[in-house]
Amino acid sequence: MLQLYDTLTREKLAVSPSEGETLRFYCCGPTVYGPSHIGNFRSFLVQDLFRRVVELGGIKTKHVRNLTDVDDKTIRRSQEEGKSLAEFTNFWGARFHADCNALHILRPHEEPSAVKHIAEQIALIEILMAKEHAYRGADGSVYFSVSSYADYGKLSRLDKRELRLGSSQTAHDADEYEKDSLADFALWKAHKPEDGPNAWDSPWGRGRPGWHLECSAMGMKYLGESFDLHSGGVDLCFPHHENEIAQSEAATGVEFVRHWFHISHLRVEGEKMSKSLGNLYTLADLEEKGWNADEMRYTLLAGHYRQPLNFTFDTMHAAQHALHRLGDFAEKLLQLAGKERLPDYEALLRKAPPEFGVFRPAWEALLDDLNAPEALGQLFKGVKEVETKLKAGQVRAEEAGEILTGLGAIVAAFGWALPAAAGETGGEETPEEIRELAQQRWEAKQAKDWAKADELRDALKEKGWAVKDGTDGYELTSL
RNA sequence: GGCGAGGUAGCCAAGUGGUAAGGCCGGGGUUUGCAAAACCUCUAUCGCGGGUUCGAUUCCCGCCCUCGCCUCCA
């Protein structure tokens, strides 16, 4: 069973459903106001790894991940572009889904949108008002009263005094005087002119929900008042998750979430990600540089999730080679076993947990707080062990099949589609002329006419194409 | 200032009270017409200074440095 560190208790806790057979968990999703960058994807990818490990371990899941489609940023940007909020957020939401598909991130079972759950959010505020955990400020907004909730600060371990004295807070905008206390946060924001047409009716007048509220309202709607696990980037710990706990528990009186799972941030080439450094890479940026989704998955999952990860192009390169090795390794075994491909995720789930065989240590590393780096280490140890036997001709067909099951299971946990071994003939975009030359070279080579083959290869090189031979075919790459 | 994380080979990155996984790069080799790929093999004493211990990279203390959060950023 998976043991996972819990931010609240600071201990590793077993991950299992509290009720029934399904693990119910919520992940804070993206704010759809632009393309997500690799830092965002690190979180979604780690959550995906988490889900795969849980499911491969034989536990069903109900996975909810929201789309934040109403907040300051979405409203402002949509107006700057002269689009309606819906048009704007639908566009970026679709882009997010396309990116997730490209990265083989499993689709959540529910993906609620904040604007489509205004009623649920209002209902939650009404409960908080009735229980006197919320009040109406001078500006017409509704605030949560932090002082009414004794446990406030338990997740981030910030006490109220520190919250007030936080050094980074500039604290002198007009809002300060509209709230009873600086730490209080908005549940409902009264309409302001700059919000344009983006306002909804509520018992407190027209306005829009506060950001923190949507996760509480939608989490509880789809997973129940109390559910198993909640995840997000470390930065969400405070104030977002702290506020979610406060408003949810104040409303229901029961524990909101049993287990908090936070993912550390990414650094890029040793530096912090920022717009000014131009290193907020999106999936499209990396694709343009020639990297594929599996390489990104490998790189972004190669560090421990609780540790800041330094994303570098050296690591991407390392990932590319590592994946190729795994692909070649799988290919050898597939041939030996007389099979076409590794077992896929769905097939593995049908008899979860699978037999990991020599890759058992890699699986165990994943079960121990999703220790992906250790798992990768163990994976390659297993590969080497098998390679040695393979070389000595000591692996029989049925054994190869068993090894493939274990390998396939680890590969499925990481969610990769391994590159096929060399042997493909040119891609579709390859110009006819080039394919022609490559084919001629291949024929010359088959005829052992080395001089002609080399000549043709040089010709290809001049035209900007490299050719690499495999065992029974060749691969063309554009230089 | 408060809370927290971390400093391990050229790069990335695990880990342990008994002299340090794995990947990439680089060197050497096997194989291959060549090239590529693949396979084998080699490369660190764990930020600095003390202490505890038979023994510390791993525990304690001090110091230096990096990073995150402290009101809407995954």
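These figures come from a predicted structure and were not determined experimentally. Heavy atoms only: backbone and side chains are in, while hydrogens, waters and symmetry mates are out. Naming: A, B, ... by sequence-line order, numbering from 1 per chain.
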Exercise. Among side-chain atoms of A:His133 and A:Ser148, is any donor-acceptor pair under 3.5 angstrom?
Worked result: yes
Exercise. Counting just side-chain N and O atoms, does A:Lys445 come under 4.0 Å of either OP1 or OP2 of B:rA35?
Worked result: no
Exercise. With distance as the sole criterion, do the side chain of A:Asp235 and the base of B:rG68 form a donor-acceptor contact below 3.5 Å?
Worked result: no
Check: protein-nucleotides 40-45 of chain B nitrogen or oxygen pairs below 3.5 Å:
{"unit_1": "B:rU41", "atom_1": "OP2", "unit_2": "A:Lys384", "atom_2": "NZ", "d": "2.9"}

Exercise. Do any side-chain nitrogens or oxygens of A:Asn371 fall under 4.0 Å of OP1 or OP2 in B:rA14?
Worked result: no
For this session: For the side chain of A:Ser43, starting at C-beta, report the closest nucleotide among B:rC12, B:rA74, B:rG33.
Result: B:rA74
Exercise. Roughly how many Å is it from CD1 in A:Ile75 to P in B:rC72, rounded to a whole number?
Worked result: 16 Å
Problem set entry | Distance in angstrom units between A:Glu244 CD and B:rC72 P, rounded | 16 Å
Problem set entry | P spacing across the pair B:rU53 / B:rU57, given as an integer number of angstrom | 16 Å
For this session: Check every atom of B:rG33, B:rA38, B:rG23 against the side chain of A:His324 and return the nucleotide holding the closest atom.
Result: B:rA38
Problem set entry | B:rC42 and B:rA9, which share atom name C1', separated by this distance in whole Å | 13 Å
Exercise. At under 4.0 Å between heavy atoms, what does A:Met316 touch on the DNA or RNA strands: base, sugar-phosphate, or nothing?
Worked result: nothing
Exercise. Once you round to the nearest 0.5 Å, how far does CD1 of A:Ile125 lie from OH of A:Tyr143?
Worked result: 12.0 Å
Exercise. Is the A:Phe261-A:Tyr305 ring centre distance short of 6.0 angstrom?
Worked result: yes
Exercise. For atom C1', what is the distance between B:rC48 and B:rU66, given to the nearest Å?
Worked result: 15 Å
For this session: Mind calculating the distance between CG (A:Asp328) and P (B:rA36) to the nearest angstrom?
Result: 15 Å
Exercise. P atom, B:rG49 versus B:rU8: distance in rounded Å?
Worked result: 16 Å
Problem set entry | Atom-pair distance (NE2 on A:His262; P on B:rC69), nearest Å | 13 Å
For this session: Mind calculating the distance between CG (A:Asp72) and P (B:rU71) to the nearest angstrom?
Result: 15 Å
Problem set entry | Nearest heavy-atom neighbours spanning A:Ala319 and A:Thr299 | CB-OG1, 3.4 Å
Exercise. If the P atom of B:rG7 is compared with that of B:rC60, how far apart are they to the nearest Å?
Worked result: 15 Å
Seminar exercise, completed: Whichever of A:Arg441 and A:Ala322 has the more 5' nearest nucleotide on RNA chain B, that residue is A:Ala322
For this session: Identify which nucleotide among B:rG22, B:rA74, B:rA21 has an atom closest to any side-chain atom of A:Pro373, counting heavy atoms from C-beta outward.
Result: B:rA21
For this session: Kindly determine whether A:Gln247 and A:Phe185 satisfy side chain to side chain contact (heavy atoms under 4.5 Å, CB included), including the steps that lead there.
Result: CA-CA 10 Å; A:Gln247 67 204 176; A:Phe185 55 92; 3.3 Å; yes
Problem set entry | Polar pair under 3.5 Å, donor/acceptor by atom type, side chain A:Lys272, base B:rC73 | no
Exercise. With distance as the sole criterion, do the side chain of A:Arg457 and the base of B:rC34 form a donor-acceptor contact below 3.5 Å?
Worked result: yes
Problem set entry | side-chain N/O A:His240 vs B:rU71 OP1/OP2, d < 4.0 Å | no
For this session: Can you tell me, in whole Å, how much space there is between the C1' of B:rC73 and that of B:rC67?
Result: 16 Å
Exercise. Expressed in whole Å, how much space separates the C1' atoms belonging to B:rC46 and B:rA21?
Worked result: 14 Å
For this session: Name the closest nucleotide to the A:Lys332 side chain, picking from B:rG33, B:rA13, B:rC39.
Result: B:rC39
Exercise. Among B:rC73, B:rC72, B:rG6, which is the nearest nucleotide to the side chain of A:Trp211?
Worked result: B:rC72
For this session: Before giving the answer on side chain to side chain contact (heavy atoms under 4.5 Å, CB included), spell out for A:Cys100 and A:Arg107 the whole-Å C-alpha distance, their side-chain angles and the decisive distance to 0.1 Å.
Result: CA-CA 8 Å; A:Cys100 285; A:Arg107 190 83 183 243; over 6 Å; no
Problem set entry | Involving RNA chain B, stems made of at least three consecutive Watson-Crick or G-U pairs, both distances under 3.5 Å | B:1-7 with B:64-70, B:10-12 with B:22-24, B:26-30 with B:38-42, B:47-51 with B:59-63
Problem set entry | Protein-nucleotide distance (A:Leu266, atom CG; B:rC73, atom P), rounded to Å | 18 Å
For this session: Pick base, sugar-phosphate or nothing for A:Phe380, based on heavy-atom distances below 4.0 Å to the nucleic acid.
Result: sugar-phosphate
Problem set entry | Residue mapping more 5' on RNA chain B - nearest nucleotide basis, A:Gln378 or A:Phe311 | A:Phe311
For this session: With rounding to the nearest 0.5 Å, note down the distance linking CG in A:Leu124 to OG in A:Ser216.
Result: 6.0 Å
For this session: Could you check how far NE2 of A:His321 sits from P of B:rA36, rounded to whole Å?
Result: 12 Å
Exercise. Hey, does A:Gly39 reach any base, or is it just sugar-phosphate, or nothing, if we go heavy atoms under 4.0 Å?
Worked result: base
Problem set entry | Geometric class of the A:Phe329/A:Phe359 ring pair [parallel <30°, tilted 30-60°, perpendicular >60°] | perpendicular
Problem set entry | Spacing of A:His304 atom NE2 and A:Tyr5 atom OH [to the nearest 0.5 Å] | 10.0 Å
Exercise. Taking it one step at a time, do A:Val234 and A:Ile263 satisfy side chain to side chain contact (heavy atoms under 4.5 Å, CB included)?
Worked result: CA-CA 5 Å; A:Val234 272; A:Ile263 296 133; over 6 Å; no
For this session: Please state the C1' separation for the pair B:rG27 and B:rC59 - nearest whole angstrom.
Result: 39 Å
Problem set entry | Residues A:Asp72 and A:Lys189 bridged, charged N to O under 4.0 Å | yes
Problem set entry | Euclidean distance, atom CG of residue A:Leu236 to atom C1' of B:rA74 [Å, nearest integer] | 6 Å
Problem set entry | Atom pair CZ (A:Phe380) and CD (A:Glu385), whose distance is rounded to the nearest 0.5 Å | 14.5 Å
Problem set entry | A:Gln307 side-chain proximity, nearest of B:rG33, B:rA14, B:rA74 | B:rA14
